[in-house]
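Reading through the structure tokens given below for one structure.
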Amino acid sequence: QVQLVESGGGLVEPGGSLRLSCAASGSSFSINAMGWYRQAPGKQRDVVATITDGGRTNYADSVKGRFAISRDNAKNTVYLQMNSLKPEDTAVYYCNAAAVRRGLGPRLYDYWGQGTQVTVSS
């Protein structure tokens with residue numbers, strides 16, 4: 001099993017910045033991709049950004065040029081730098097990790113954090 005611990009959410013003014021962090025822990029797993037997703041009230045959970053173990057990134061169109069995802073593979077930690085925040089960025093942000101369990105072949109298992117609230121408001 002992989003446990004994900006998130007931090008960095010909060011309340012910011014429009015145009016402000018936040019940096020989210022998510023640390024993954026687990027002794028028998030190897031993490032492949034990691035990512036950030038968000039869910040606003042009454043909406044589905046949507047991908048924000050993902051990053052592979054090789055560092056290849058992918059972003060939702062709505063955050064391109066404003067958000068940046070990065071990771072530290074040695075620490076199994078993923079970050080999301082959010083700049084020029086807009087009210088429509090308000091959501092619960094969830095950390096995600098896709099991992100294989102050592103000894104069980106290449107099958108991927110999907111893990112989620114508990115979420116951290118990001119509110120952009122004046």
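Side chains included, hydrogens not; waters and symmetry mates left out as well; all remaining heavy atoms used.
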State the [atom1]-[atom2] distance between [X] and [Y], to the nearest 0.5 angstrom.
{"X": "L4", "Y": "M34", "atom1": "CG", "atom2": "CE", "answer": "6.0 Å"}
{"X": "D110", "Y": "N32", "atom1": "CG", "atom2": "CG", "answer": "11.0 Å"}
{"X": "L18", "Y": "T116", "atom1": "CG", "atom2": "OG1", "answer": "8.5 Å"}
{"X": "S122", "Y": "L11", "atom1": "OG", "atom2": "CG", "answer": "9.5 Å"}
{"X": "S21", "Y": "L80", "atom1": "OG", "atom2": "CG", "answer": "9.5 Å"}

Under 3.5 Å, side chain of [X] to main-chain N/O of [Y], donor-acceptor pair present?
{"X": "E6", "Y": "C22", "result": "no"}
{"X": "N96", "Y": "Y111", "result": "yes"}
{"X": "Y59", "Y": "I69", "result": "yes"}

[Y] reachable from [X] in the ILVMFWY side-chain graph, under 4.5 Å edges:
{"X": "L108", "Y": "L104", "value": "no"}
{"X": "L20", "Y": "V92", "value": "no"}
{"X": "V48", "Y": "V12", "value": "yes"}
{"X": "I51", "Y": "V63", "value": "yes"}
{"X": "W36", "Y": "V2", "value": "yes"}

Would a 4.5 Å heavy-atom cut-off, applied to side chains only, mark [X] and [Y] as touching?
{"X": "R38", "Y": "Y94", "answer": "no"}
{"X": "E13", "Y": "S121", "answer": "no"}
{"X": "V47", "Y": "T50", "answer": "yes"}

Exercise. Under the side chain to side chain contact (heavy atoms under 4.5 Å, CB included) rule, what do C95 and V78 come out as? Steps first, then yes or no, please.
Key: CA-CA 8 Å; C95 178; V78 64; 3.7 Å; yes

With no hydrogens and no angle check, do the side chains of [X] and [Y] hold a donor and an acceptor under 3.5 Å apart?
{"X": "E88", "Y": "T90", "answer": "no"}
{"X": "N58", "Y": "R56", "answer": "no"}
{"X": "S17", "Y": "R66", "answer": "no"}
{"X": "Q44", "Y": "D46", "answer": "no"}

Quiz item: Of the options T77, I31, T57, which is the one that meets R71 in a side chain to side chain contact (heavy atoms under 4.5 Å, CB included)?
Solution: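 The single option meeting the side chain to side chain contact (heavy atoms under 4.5 Å, CB included) with R71 is I31.
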
Quiz prompt | Neighbour count above 12 (heavy atom, 6.0 Å) for Q39 CD | solution = yes

Exercise. Using a cut-off of 6.0 Å, state whether more than 12 heavy atoms not belonging to R101 lie near its atom CZ.
Key: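 Not more than 12 within 6.0 Å, no.
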
Self-check item: Salt-bridge present (K86, D89; N to O < 4.0 Å)
Solution: no

Exercise. Return the set of residues passing side chain to side chain contact (heavy atoms under 4.5 Å, CB included) with D72 (not counting sequence neighbours), or none when no residue passes.
Key: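 Applying side chain to side chain contact (heavy atoms under 4.5 Å, CB included) to D72 gives A74, K75, Y79.
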
Quiz item: Relative to the ring of F67, is the ring of Y93 parallel (under 30°), tilted (30 to 60°) or perpendicular (over 60°)?
Solution: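 Ring orientation of Y93 relative to F67: tilted.
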
